[in-house]
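Have a look at the structure below before the remarks.
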Amino acid sequence: MRYFPYVNLEHFIYSGIPALILILIFAVSLGYHHFQGKEDELRKTRIVNRYPDRIEDRNAPFPLGMILIMSGAILWALGYILVHGLLGIRI
């Protein structure tokens with residue numbers, strides 16, 4: 001038995017809620033915002049390749065939110081490795 005019964009709720013709030021928010025931001029960013037260019041509308045509609053079963057490939061712009069999330073994850077991982085390596089902390 002734990003000394004503090006609300007620790008489980010606190011752990012859920014600290015880990016579960018931010019994860020849900022990140023998932024929502026990621027889902028919204030997949031479909032909408034990207035850098036606007038001259039040929040974006042043409043790239044969204046022009047079919048580059050056709051595959052069997054009527055699958056069509058387009059060269060659509062990459063969403064900005066996905067770029068930010070992936071670059072943040074990469075920077076965090078590199079920082080984590082460097083800090084633990086330089087400070088000599090055992091993982």
Side-chain angles (χ1 to χ4, degrees):
M1 184 170 161
R2 292 181 180 241
Y3 289 118
F4 305 106
Y6 291 110
V7 171
N8 291 336
L9 177 64
E10 187 175 334
H11 286 174
F12 172 74
I13 290 172
Y14 288 151
S15 62
I17 305 272
L20 290 175
I21 292 171
L22 181 68
I23 289 170
L24 287 174
I25 290 172
F26 183 69
V28 169
S29 69
L30 279 179
Y32 294 106
H33 305 291
H34 58 273
F35 290 117
Q36 298 292 330
K38 298 175 188 176
E39 300 178 353
D40 283 347
E41 292 302 321
L42 178 64
R43 288 174 59 190
K44 287 181 188 177
T45 58
R46 184 178 58 207
I47 298 169
V48 179
N49 292 324
R50 290 183 195 270
Y51 300 104
D53 295 330
R54 293 184 227 153
I55 298 173
E56 298 172 342
D57 187 19
R58 292 179 177 85
N59 190 16
F62 202 71
L64 176 62
M66 216 164 135
I67 293 171
L68 293 174
I69 290 171
M70 289 180 353
S71 62
I74 291 170
L75 288 174
W76 178 85
L78 291 175
Y80 183 84
I81 291 168
L82 288 175
V83 166
H84 282 279
L86 293 175
L87 295 178
I89 300 172
R90 294 185 133 205
I91 298 175

Q: Look at the aromatic rings of His84 and Tyr80 and report parallel, tilted or perpendicular, splitting at 30° and 60°.
A: tilted

**Q.** Joint cluster assignment, Ile23 & Met70, ILVMFWY side-chain distance < 4.5 Å
**A.** no

(Q) As an exercise, state the distance from CD1 of Ile55 to CG of Asn49, rounded to the nearest 0.5 Å. (A) 12.0 Å

Q) Who passes side chain to side chain contact (heavy atoms under 4.5 Å, CB included) against Leu82, sequence neighbours left out? A) none

Q: Keeping to residues at least two apart or across chains, list the salt bridge (Lys or Arg N to Asp or Glu O under 4.0 Å) pairs with something in residues 58-87.
A: Glu56-Arg58

Q. If you round to the nearest 0.5 Å, how far is CG of Leu42 from CG of Asn59?
A. 10.0 Å

